[in-house]
Asks: 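The following block contains the structure, expressed as structure tokens.
These numbers come from the heavy atoms of this one structure, side chains and all, not from hydrogens, waters or symmetry mates. Being a predicted model, the structure only gives us computed values, none of them experimental.
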Amino acid sequence: MSGCLSGIDVVVLAGGRGTRLAGVLGDTPKVLAPIGERPYLSLLLAWLQGFGATRVIFGLGHLAGAVETYLQAHAPEGLACISVVEPEPLGTAGAIHHLASHIRNLPALVLNGDTFVDADLCVFLASHRESGAAGSILCTQVANAGRYGSVEIQGDKISSFREKNPDGGAGVINAGVYLFERKFLDIIAAVGGPSLETDVFQKLKPGTLNAHAGEFPFLDIGTPEDLARAPAILAPYLDN
């Protein structure tokens, strides 16, 4: 790894209610779900620091106080952690717009706090910069794309998004990791809808977004099944 993230801001969206894990986690936020002996957030921050991250902005909502308390006590040395709490559930696009004024260093690396994709973020950043696009999406091949919805890619650009389809089979999905220039943050603000995936992405002209795709290990921490798989996938980072 290199220090490629040292000059840009990272945004972690962690405001969701975690309804799929309510029976497993109770009042523990998804981002603090235990993975082995550590909360997921500890592993995520160590992973980001491995790429040189120095400034992380958290978009918080449900159970924000628990995340803030954790960060106050356990924020890694050398990593500035800024919390922005939404006044009500705003959705992914709404949360980004709500915290956009705190973003100083572009492009901003934005990631969902309840998913993990074990990809090289420096290669992703290089792909984004080479593309010249206002926004890029990290994509990965999965065995069951229908569970998430899939993306169609032509060349290195996203041509379309497909809805979830239980019979979808293998395919390429949006892994929930993005790079956004200020121009794209302005697009999010102008659209005004709550969902990044449906209100923003699906309204864009085909080819607007750069795609960096591969076959990367992927976890949706927000489901009991993937939470159970997480220790095996995250094993390389448990001792960091």
Asks: Can you find a pair of side-chain heavy atoms, one from H62 and one from P89, that are under 4.5 Å apart?
Replies: no
Asks: Can you name the residues that form a disulfide bond (SG atoms under 2.5 Å apart) with C81, not counting sequence neighbours?
Replies: none
Asks: Restricting to ring pair (Phe, Tyr, Trp, His ring centres under 6.0 Å), what partner residues turn up for H74, sequence neighbours left out?
Replies: Y70
Asks: Check whether any side-chain N or O of S159 sits under 3.5 Å from a backbone N or O of E152 as a donor-acceptor pair, and report yes or no.
Replies: yes
Asks: Checking T223 against R147: is there a side-chain donor and acceptor pair closer than 3.5 Å?
Replies: yes
Asks: If hydrophobic clusters are built from ILVMFWY residues whose side chains come within less than 4.5 Å, do Y237 and F216 share one?
Replies: yes
Asks: Under the side chain to side chain contact (heavy atoms under 4.5 Å, CB included) test, which residues partner A108, sequence neighbours left out?
Replies: I103, L106, V110
Asks: Mind checking side chain to side chain contact (heavy atoms under 4.5 Å, CB included) for Q141 and listing every partner two or more places apart, or none if nothing turns up?
Replies: A170, V172, E215
Asks: Which residues pass the side chain to side chain contact (heavy atoms under 4.5 Å, CB included) test with A66, sequence neighbours left out?
Replies: P29, L32
Asks: Treating Ile, Leu, Val, Met, Phe, Trp and Tyr as nodes and any side-chain heavy-atom pair under 4.5 angstrom as an edge, say whether V11 and I187 lie in one connected cluster.
Replies: yes
Asks: Decide yes or no for V177 and N112: does some side-chain heavy atom of the first lie under 4.5 Å from some side-chain heavy atom of the second?
Replies: no
Asks: Can you tell me how far CD1 of I233 sits from CG of L43, rounded to the nearest 0.5 angstrom?
Replies: 13.0 Å
Asks: Determine whether V84 and F58 make a side-chain contact, defined as any pair of heavy atoms from C-beta on separated by less than 4.5 Å.
Replies: no
Asks: Going through the checks in order, is the side-chain hydrogen bond (donor to acceptor under 3.5 Å, both in side chains) test met by Y40 and D114?
Replies: CA-CA 9 Å; Y40 173 60; D114 59 359; over 6 Å; no
Asks: Sequence neighbours left out, what pairs pass salt bridge (Lys or Arg N to Asp or Glu O under 4.0 Å) with at least one residue falling in residues 6-15?
Replies: D9-R55
Asks: Answer yes or no: is there a side-chain heavy-atom contact under 4.5 Å between L60 and E68?
Replies: yes
Asks: For the residue pair E130 and D156, establish whether any side-chain heavy-atom pair is separated by less than 4.5 Å.
Replies: no
Asks: Can you pull out every side-chain hydrogen bond (donor to acceptor under 3.5 Å, both in side chains) where at least one residue sits in residues 170-188? Sequence neighbours excluded, please.
Replies: H128-E181, N174-Y178
Asks: State whether the side chain of N210 and the backbone N or O of S136 hold a donor-acceptor pair below 3.5 Å, judged by distance alone.
Replies: no
Asks: Taking side chain to side chain contact (heavy atoms under 4.5 Å, CB included) as the definition, give me every residue that meets it alongside A230, ordered by chain and number, with sequence neighbours left out.
Replies: I35, L219, I221, L234
Asks: Restricting to pairs with a member in residues 82-98, which pass salt bridge (Lys or Arg N to Asp or Glu O under 4.0 Å), not counting sequence neighbours?
Replies: none
Asks: Nearest 0.5 Å, what's the CD1-CD1 distance between I96 and I188?
Replies: 4.5 Å
Asks: Looking only at atom types and distance, does a side-chain atom of D120 sit under 3.5 Å from a main-chain N or O of V123, one as donor and one as acceptor?
Replies: yes
Asks: Would a single hydrophobic cluster contain both I82 and V10, if residues Ile, Leu, Val, Met, Phe, Trp and Tyr are joined by side-chain heavy-atom contacts under 4.5 Å?
Replies: no
Asks: Fit a plane to each ring of W47 and F51, take the angle between them on a 0 to 90° scale, and name the class: parallel (under 30°), tilted (30 to 60°) or perpendicular (over 60°).
Replies: perpendicular
Asks: Applying side chain to side chain donor-acceptor pair (under 3.5 Å), name anything that partners S131, two or more places apart in sequence or on another chain.
Replies: none
Asks: Working to the nearest 0.5 angstrom, can you tell me the gap between S127 OG and L138 CG?
Replies: 9.0 Å
Asks: Just by modelled atom types, is the L204 backbone N or O under 3.5 Å from a matching donor or acceptor in the T208 side chain?
Replies: no
Asks: Report yes or no: does Q49 contribute a side-chain atom to a donor-acceptor pair with the main-chain N or O of E77 at less than 3.5 Å?
Replies: yes
Asks: Can you tell me if R229 has over 12 outside heavy atoms packed within less than 6.0 Å of its CZ?
Replies: yes
Asks: Determine whether L185 and I8 fall in the same hydrophobic cluster, where Ile, Leu, Val, Met, Phe, Trp and Tyr are linked whenever their side-chain heavy atoms lie under 4.5 Å apart.
Replies: no
Asks: Side chains of residues 190-197: which donor-acceptor pairs under 3.5 Å do they make with residues two or more places apart or in other chains?
Replies:
{"from": "S195", "atom 1": "OG", "to": "E197", "atom 2": "N", "distance (Å)": "3.3"}
{"from": "S195", "atom 1": "OG", "to": "E197", "atom 2": "OE1", "distance (Å)": "3.3"}
{"from": "S195", "atom 1": "OG", "to": "T198", "atom 2": "N", "distance (Å)": "3.1"}
{"from": "S195", "atom 1": "OG", "to": "T198", "atom 2": "OG1", "distance (Å)": "2.9"}
{"from": "E197", "atom 1": "OE1", "to": "T92", "atom 2": "OG1", "distance (Å)": "3.1"}

Asks: Suppose the criterion is ring-ring contact (aromatic ring centres under 6.0 Å, His included): which pairs have a residue in residues 132-177, not counting sequence neighbours?
Replies: Y148-F218, F161-F201
Asks: Take atom CD in Q202; do more than 12 heavy atoms of anything else shown fall under 6.0 Å from it?
Replies: yes
Asks: Are I137 and L121 linked, directly or through intermediate hydrophobic residues, by side-chain heavy-atom contacts shorter than 4.5 Å (ILVMFWY only)?
Replies: no
Asks: In this structure, are over 12 heavy atoms from other groups packed under 6.0 Å from H212 atom NE2?
Replies: yes
